[in-house]
Amino acid sequence: MKICVFIGDMYRDFAMGILKQLDFYAREKGYRIDVFGICSMPTKNPLHVIGYKSILTLPNVHEYDGVILCYDTLIHEGVAKDLVEDLLSDNDAPPVVCIRAEISGFYNVVPDNRALMHDIAKHVIEKCKTNDIGFVTGRDDLDDSIERRLGFEDAMREAGKKVSDKKIFHGNYWSDQGPEMADFFIKKNGKLPEAIICSNDYEAIALCNELRKRGYTVPQDVMISGVDNAQGAADHIPSITTIEISNAVFVDTAIEVLEDVIAGKKPDLNIYVPGTLILRESTDDLFVERDIFSELLDLTATISINTENMREYVVIGDLFEGALTKDAGKELTLEQFKTIESMKSCYICRYREESRELVGYFTNRGDNKLCSISYPKEKVFPDGFEDDKHGMRVHFPLAYKNEVYGYLVAVFNTDMPNFINFKVEYLLMQVAANMNKFELYEKLFGISDVMTLYITDPLTETLNRRGFEKKISEKFDKDGRMIKEIAVVSIDMDDLKIINDTYGHNAGDDAIKETAQCIDESLNQGEFVARMGGDEFEVVLVISEPGRVGKFIRNVRNNIRQVNLSGKYPFELSASIGTCEVQDWHGVGESMKKADKAMYLEKKAKKKGRS
């Protein structure tokens with residue numbers, strides 16, 4: 001069976017749980033599963049949203065046996081609105097199963113949100129001795145939030161307790177309202193309700209954390225519960241009492257519906273799946289004796305990891321900023337995605353006017369390959385790279401603001417924890433921004449001109465310091481071994497200040513340009529010179545013959561002598577030279593220091609001789 005999946009918020013636990021179970025079917029049952037979606041929606045600009053939602057129009061759903069839609073992960077900024085309308089209006093579309101959200105016209109595998117909240121609320125209410133019970137809703141515009149509130153009200157009425165709007169906080173299903181929730185529930189006398197029942201675990205965790213900051217203890221001062229068993233609920237201190245429907249149940253039921261439809265059966269349009277209570281510390285149902293020292297060590301390690309991740313992102317941003325050719329950008333993209341251990345294969349695909357193009361890839365964590373393989377725009381993926389009948393591929397958009405450049409296709413090892421993480425999203429954004437940069441460069445002045453400007457000294461038209469670093473790195477393999485034997489030469493003009501002071505800075509510029517020309521005319525193929533600043537030059541020579549260094553020095557001095565004999569300038573050129581052979585990449589800096597030292601010894605000897 002071939003299944004098309006639309007899903008968002010892919011770095012969150014729900015989506016990863018869904019993908020992990022889908023991958024099980026791809027591996028164990030031989031299904032072909034293609035996933036299309038986003039990590040998150042990082043913008044509210046409607047024009048920029050277009051770029052991200054483009055991934056949902058990539059597949060031709062008619063080529064699939066069925067569609068699985070995780071609609072509530074794609075509601076941000078109306079991302080999936082057009083997709084839903086297109087699927088509902090397409091009479092030839094394959095069967096669509098919507099998970100966790102109910103859409104009329106599709107098959108729906110949904111939690112009985114009213115029953116879920118009723119069951120956990122009933123448990124918490126039975127533990128309470130008073131009517132003082134608070135409730136946190138989800139987003140008021142979502143049907144499941146409304147159902148969960150009704151479930152809470154059902155449990156309260158069954159227990160003979162009154163529901164008061166004054167004890168209901170209107171939440172948003174997320175973890176950013178901790179202070180507002182605490183302000184709402186803390187009374188003027190400093191006391192809290194006996195229990196606060198939240199519509200999901202993110203709200204419960206946020207409230208617990210904020211109350212702890214204010215000196216309260218859960219569950220001693222207030223019992224708190226959540227729903228969904230989100231990532232972090234079990235490890236939180238205190239652990240959060242919750243209720244869940246496992247992601248495996250959602251996927252298994254959705255697959256069963258598609259299999260039944262294909263087999264000619266008529267499953268129910270709406271299938272409600274039950275939940276399971278998980279009783280923990282936040283409602284005083286579980287006591288865990290904790291080793292505070294171990295917990296502190298774990299917290300310290302987490303802080304250290306987060307700090308290192310932030311530093312890594314800064315470095316990655318700098319690397320992409322320094323990638324000044326398309327090939328360099330593609331190579332860096334593949335290299336960075338390979339640092340994500342869960343990513344087994346990666347393919348960079350670009351949109352072209354009349355086709356699509358695979359421009360770079362690695363498979364099974366092998367070597368990076370840059371290429372230019374065109375394939376019809378009707379196809380999502382070129383033939384011959386992945387098994388088109390089995391396995392799971394995940395497709396992400398490559399979009400920068402409202403510009404859409406293509407998409408990235410990835411194969412993940414879903415057995416690894418957090419196989420899609422924040423770094424995946426960050427790299428996708430960096431890659432798209434880099435593509436935008438190249439597009440801008442081409443429109444302004446051509447990509448090669450930008451590279452030339454970046455690495456070239458404008459006065460002498462030799463390389464600058466950046467160009468030197470780029471060119472000398474090309475003399476070594478990836479392990480830092482020299483491809484050919486090389487030497488570095490430090491050259492410093494003599495008495496440039498006197499020329500500037502006597503004849504003016506235009507004459508000084510002429511002296512610098514003429515010296516650069518004398519050096520450049522002494523180079524063989526594969527050798528280069530860079531102006532490192534002021535009157536300083538650095539040369540890399542290839543030791544292709546015995547005495548190559550000495551021959552180069554003689555040629556430079558002879559070229560300078562010929563300029564002086566010509567009478568072209570009212571001043572005379574002179575330069576001091578020092579050299580040193582290079583052993584390996586790590587020794588480049590030391591070799592340059594030795595060449596500098598030799599050059600300054602010659603300069604010092606010249607000054608001593610004149611005095």
Side-chain angles (χ1 to χ4, degrees), residues 3-20 22-23 33-59 61 67-87 96 98-101 103 139 142 173-174 202 230-231 247 313 333 336-337 340 342-343 346-351 356 380-381 392-412 414 418-436:
I3 303 172
C4 176
V5 178
F6 296 106
I7 191 168
D9 289 343
M10 277 198 260
Y11 63 81
R12 292 188 179 167
D13 50 308
F14 171 72
M16 279 194 286
I18 294 294
L19 294 180
K20 182 178 177 67
L22 285 168
D23 194 35
I33 296 177
D34 290 334
V35 180
F36 302 87
I38 56 178
C39 288
S40 73
M41 179 50 65
T43 178
K44 292 187 177 182
N45 185 315
L47 295 178
H48 299 174
V49 169
I50 293 172
Y52 289 93
K53 69 191 291 186
S54 65
I55 195 69
L56 304 181
T57 63
L58 178 60
V61 295
V67 174
I68 292 178
L69 170 63
C70 297
Y71 177 72
D72 66 348
T73 67
L74 291 165
I75 59 172
H76 315 295
E77 312 310 318
V79 171
K81 182 175 180 292
D82 292 341
L83 171 67
V84 169
E85 291 177 355
D86 289 344
L87 289 171
V96 179
C98 189
I99 286 180
R100 214 172 66 165
I103 298 178
R139 283 177 45 178
L142 296 179
Y173 273 151
W174 194 225
Y202 296 119
Q231 187 176 22
N247 296 317
Y313 292 166
T333 296
Q336 285 300 316
F337 275 112
I340 298 171
S342 59
M343 190 173 288
C346 174
Y347 304 87
I348 309 169
C349 303
R350 292 293 306 269
Y351 291 125
R356 291 169 181 162
V380 172
F381 201 69
M392 184 175 81
R393 293 194 296 251
V394 183
H395 304 70
F396 301 97
L398 292 175
Y400 180 77
K401 296 184 177 179
N402 61 335
E403 297 288 343
V404 184
Y405 297 106
Y407 50 96
L408 185 132
V409 185
V411 178
F412 289 99
T414 59
N418 298 318
F419 56 90
I420 298 178
N421 55 27
F422 287 112
K423 187 175 181 180
V424 173
E425 179 175 34
Y426 180 74
L427 287 176
L428 288 167
M429 295 173 72
Q430 285 290 330
V431 171
N434 210 45
M435 290 177 174
N436 178 264

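These numbers come from a predicted model, not from an experiment. For the numbers below, each heavy atom of this structure counts, side chains included, while hydrogens, waters and symmetry mates do not.
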Before you tell me yes or no, could you show the steps for Y351 and L58 under side-chain contact (heavy atoms from CB on, under 4.5 Å), namely the whole-Å CA-CA distance, both residues' side-chain angles and the distance that decides it to 0.1 Å?
CA-CA 11 Å; Y351 291 125; L58 178 60; 3.7 Å; yes

Side-chain contact test, heavy atoms from C-beta onward, threshold under 4.5 Å: evaluate it for [X] versus [Y] and give yes or no.
X	Y	value
I103	V84	yes
N247	D13	no
I18	V5	no
T73	R12	no
V394	M10	yes
I99	F14	yes

So which heavy atom on [X] is nearest to which on [Y], and how close?
X	Y	result
C4	V61	SG-CG1, 4.5 Å
L428	P397	CD2-O, 4.4 Å
V79	L74	CB-O, 3.5 Å
C349	V409	SG-CG2, 4.1 Å
V424	C39	CG1-SG, 4.1 Å
L408	C346	CD1-SG, 3.6 Å

Mark yes or no for whether D72, through its side chain, and I75, through its backbone, hold a donor-acceptor pair below 3.5 Å.
no

I'd like to know if the side chain of R356 and the backbone of F381 have a donor-acceptor N/O pair within less than 3.5 Å.
no

Roughly how far, to the nearest 0.5 Å, is [atom2] of [Y] from [atom1] of [X]?
X	Y	atom1	atom2	result
R350	M435	CZ	CE	4.5 Å
I33	I3	CD1	CD1	4.5 Å
Y52	Y400	OH	OH	9.5 Å
Q430	E425	CD	CD	11.5 Å
K53	E77	NZ	CD	10.5 Å
T333	L427	OG1	CG	8.0 Å

For the pair I50 and N402, evaluate side-chain contact (heavy atoms from CB on, under 4.5 Å) and give the outcome as yes or no after the intermediate values.
CA-CA 6 Å; I50 293 172; N402 61 335; 5.5 Å; no

How about NZ on K20, more than 12 heavy atoms from neighbouring residues, nucleotides or ligands closer than 6.0 Å, or not?
yes

Can you say whether the rings of F412 and F396 are parallel (under 30°), tilted (30 to 60°) or perpendicular (over 60°)?
perpendicular

Check the angle between the aromatic planes of H395 and F36 and answer parallel, tilted or perpendicular using the 30° and 60° thresholds.
parallel

Could you check D82 against L56 for side-chain contact (heavy atoms from CB on, under 4.5 Å), going step by step and ending with a plain yes or no?
CA-CA 9 Å; D82 292 341; L56 304 181; over 6 Å; no

side-chain contact (heavy atoms from CB on, under 4.5 Å) assessment of Y313 paired with K423
CA-CA 8 Å; Y313 292 166; K423 187 175 181 180; 3.6 Å; yes

Is it the case that the ring center of Y347 lies less than 6.0 angstrom away from the ring center of Y407?
no

